[in-house]
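Step one of this worksheet: look at the structure below.
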Amino acid sequence: MTTVLRAVPKGFVNTPAIERITVRALRYLQSGFSVHLRGPAGTGKTTLALHLADLLNRPIMLIFGDDELKSSDMIGNQTGYTRKKVVDNFIHSVVKLEDSLKQNWIDSRLTLACREGFTLVYDEFNRSRPEVNNVLLSALEEKLLVLPPNNSRSEYIRVNPHFRAIFTSNPEEYCGVYSTQDALLDRLITMNMPEPDEATQQEILIQKVAVTPEEAQTIVTLVQQFREATHAIAPSKIQTVARQQTNADKASGLRPSLMLARICQEHNIPIVPIDPDFQEVCRDILLSRAIGDIAELESRLHQIFDHLSGLENDQIIALPPREELTTSSVPNNLSDTEQKIYTYIKDSDGARVSEIEIALGLNRVQTTDALRSLLRKSYLTQQDNRLFVVYEGD
Ligand SMILES: Nc1ncnc2c1ncn2[C@@H]1O[C@H](COP(=O)(O)OP(=O)(O)OP(=O)(O)O)[C@@H](O)[C@H]1O
């Protein structure tokens, strides 16, 4: 069954940068041209395509590009037939049978959109085989959609003047993407959608996930810095086969930023770079998206946590030598677990989360809860993945 979308895309965030591209695209569509939004994964192409389609105020037909897509999925096909049988038994001894078969044609999405003047959104159209997209050539240029030969109906339909098409695509070096025929590209106005600027990404996080502007800034900056750091790790390495195996390093930072913001927001995880829970979510979301040695990536990420917490080497509050310590007592407002952890870290001159767990026989939840509380009360600080006691008088 063909579904016609009438829904208004929810939560579309407009910023000056998005507004500029929207206005340009709308101009081209209003002048009767089809628009093609091209750019890396996660830059907001599909969201903008649906927003533009909504602004055109016509029903929307949505097609997703796919290697398995066939021409018949685009234009339609003959499904089954109607059989008419007339039995003439006026004279009982003579039986006359008249049998006729009529095949039924069912319009598919492109045909319906062309016939009715709907807006077609063809998402990631270059994931379909190029020959499948050939049917679009005459529809876009001559405004005729050619149908398979059939005796009972016209072999083409005139494209309704309200018909518009909005295409989106990822760059050709992406896995599973075909190069687009020049003839099709020549009929479209292609607009490159770069990575949204930081202000746009922050605004999307604030409006979609309801994080504060400071939290949005922390997330967007962290993701951005991590992407820059991992691109810088070993450019030569990234040219290798490994690069072709994943699209992650080519994708925008917007999607991981949205994931981070949503998870932290929904699970009350403080969006602060020194928080152990926040760091774990960051590790889960970011490390798998980068290429390179996992230990090196992790160390880069921790440098960024330190940097954003103001704990970079040159900014770290120097811990005084032990003999100069002004107090060795344990603060008295701590829970039992916090006291144990505090004492252990103090006695061992700093420790990693995993060392604390093993030494004190605690599980991850107990440890991170206590560490969060100690960090919040400013009894601990973090440097290069290790926790240290902050002594009175520092
Ligand atoms: N202007 C916007 N307003 C609200 N959300 C947005 C906006 N732009 C992008 N997003 C959000 O960012 C994420 C990625 O956007 P989208 O899916 O449109 O990107 P895309 O470029 O089509 O990605 P892909 O190439 O992987 O399909 C989505 O969660 C989307 O909701």
Side-chain angles (χ1 to χ4, degrees), residues 5 7-26 34-56 60-67 69 119-128 165-180 188 190-211 213 215-217 219-220 222-224 227 245-266 281 285-286 288-290:
L5 292 180
V8 178
K10 271 199 193 143
F12 183 80
V13 177
N14 229 339
T15 64
I18 296 176
E19 183 74 22
R20 278 196 296 279
I21 193 161
T22 308
V23 167
R24 272 157 50 215
L26 209 53
S34 291
V35 165
H36 168 207
L37 306 173
R38 178 171 64 186
T43 48
K45 301 178 298 295
T46 310
T47 310
L48 180 61
L50 289 171
H51 177 62
L52 287 166
D54 182 55
L55 292 174
L56 292 177
I60 303 166
M61 301 298 307
L62 189 54
I63 300 182
F64 293 100
D66 179 355
D67 190 44
L69 199 79
T119 302
L120 176 80
V121 174
Y122 192 173
D123 199 30
E124 306 202 14
F125 79 101
N126 58 348
R127 291 190 181 276
S128 306
I166 305 170
F167 297 79
T168 79
S169 77
N170 289 139
E172 285 174 13
E173 67 268 20
Y174 273 49
C175 301
V177 163
Y178 290 97
S179 51
T180 309
L188 309 175
T190 297
M191 304 174 74
N192 288 319
M193 293 236 352
E195 167 93 4
D197 58 36
E198 290 201 9
T200 298
Q201 295 195 35
Q202 286 175 25
E203 197 52 39
I204 291 174
L205 261 56
I206 294 166
Q207 291 196 31
K208 282 197 90 167
V209 192
V211 291
E215 291 171 332
Q217 188 182 13
I219 291 178
V220 170
L222 189 146
V223 172
Q224 185 60 26
R227 294 175 72 235
Q245 287 169 347
T246 175
N247 296 326
D249 63 316
K250 294 173 240 150
S252 155
L254 178 56
R255 214 172 251 138
S257 296
L258 275 165
M259 285 177 180
L260 260 170
R262 191 172 301 283
I263 290 167
C264 292
Q265 179 74 349
E266 288 179 1
V281 182
I285 292 180
L286 297 179
S288 60
R289 294 171 177 261

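These numbers come from the heavy atoms of this one structure, side chains and all, not from hydrogens, waters or symmetry mates. Counting convention: from 1, in listed order, for ligands and their atoms alike. Counting begins at 1 with the first residue of the sequence. Quick caveat: nothing in here was measured; it's all calculated off a predicted structure.
Here atom 10 (N) of ligand 1 lies nearest to T47 when heavy atoms of T43, V13, T47 are compared. Looking at L48, I204, T15, it is I204 that brings a heavy atom closest to atom 7 (C) of ligand 1.
Not a single side-chain hydrogen bond (donor to acceptor under 3.5 Å, both in side chains) links T119 to another residue, sequence neighbours left out. Residues that satisfy the side-chain hydrogen bond (donor to acceptor under 3.5 Å, both in side chains) test with Q207, not counting sequence neighbours, are E203.
For ligand 1, the atoms lying closer than 4.0 Å to a non-hydrogen atom of I18 are 1 (N). Residue contact check: N170 has heavy atoms under 4.0 Å from atoms 25 (O) of ligand 1. Short contacts between ligand 1 and K208, defined as distances under 4.0 Å to a heavy atom of the residue, involve ligand atoms 4 (C), 5 (N), 30 (C), 31 (O). In summary, the atoms of ligand 1 found under 4.0 Å from a heavy atom of L258, numbered by their order in the structure, are 11 (C), 12 (O), 13 (C), 29 (O). The contact set between ligand 1 and F12, taken as ligand atoms under 4.0 Å from a residue heavy atom, comprises 1 (N), 3 (N).
Residue contacts with ligand 1 for M193 are absent, since no atom lies close enough (heavy atoms, distance under 4.0 Å). At a 4.0 Å heavy-atom cut-off, ligand 1 does not touch T168 at all. With a 4.0 Å cut-off on non-hydrogen atoms, N14 does not touch ligand 1 at all.
On a distance-only criterion, G42 and ligand 1 share at least one N/O pair closer than 3.5 Å. In terms of polar-atom proximity, defined here as any N/O pair under 3.5 Å, D123 makes no such contact with ligand 1.
Once rounded to the nearest 0.5 Å, the distance linking CZ of R38 with CZ of F125 reads 8.5 Å.
Within the structure, the closest approach of E124 to ligand 1 falls below 4.0 Å when heavy atoms are considered.
The side-chain contact (heavy atoms from CB on, under 4.5 Å) test with Q201 singles out one residue from V220, V223, T15, L258, and that residue is V220.
The aromatic rings of Y122 and F167 sit tilted, their planes meeting at an angle between 30° and 60°.
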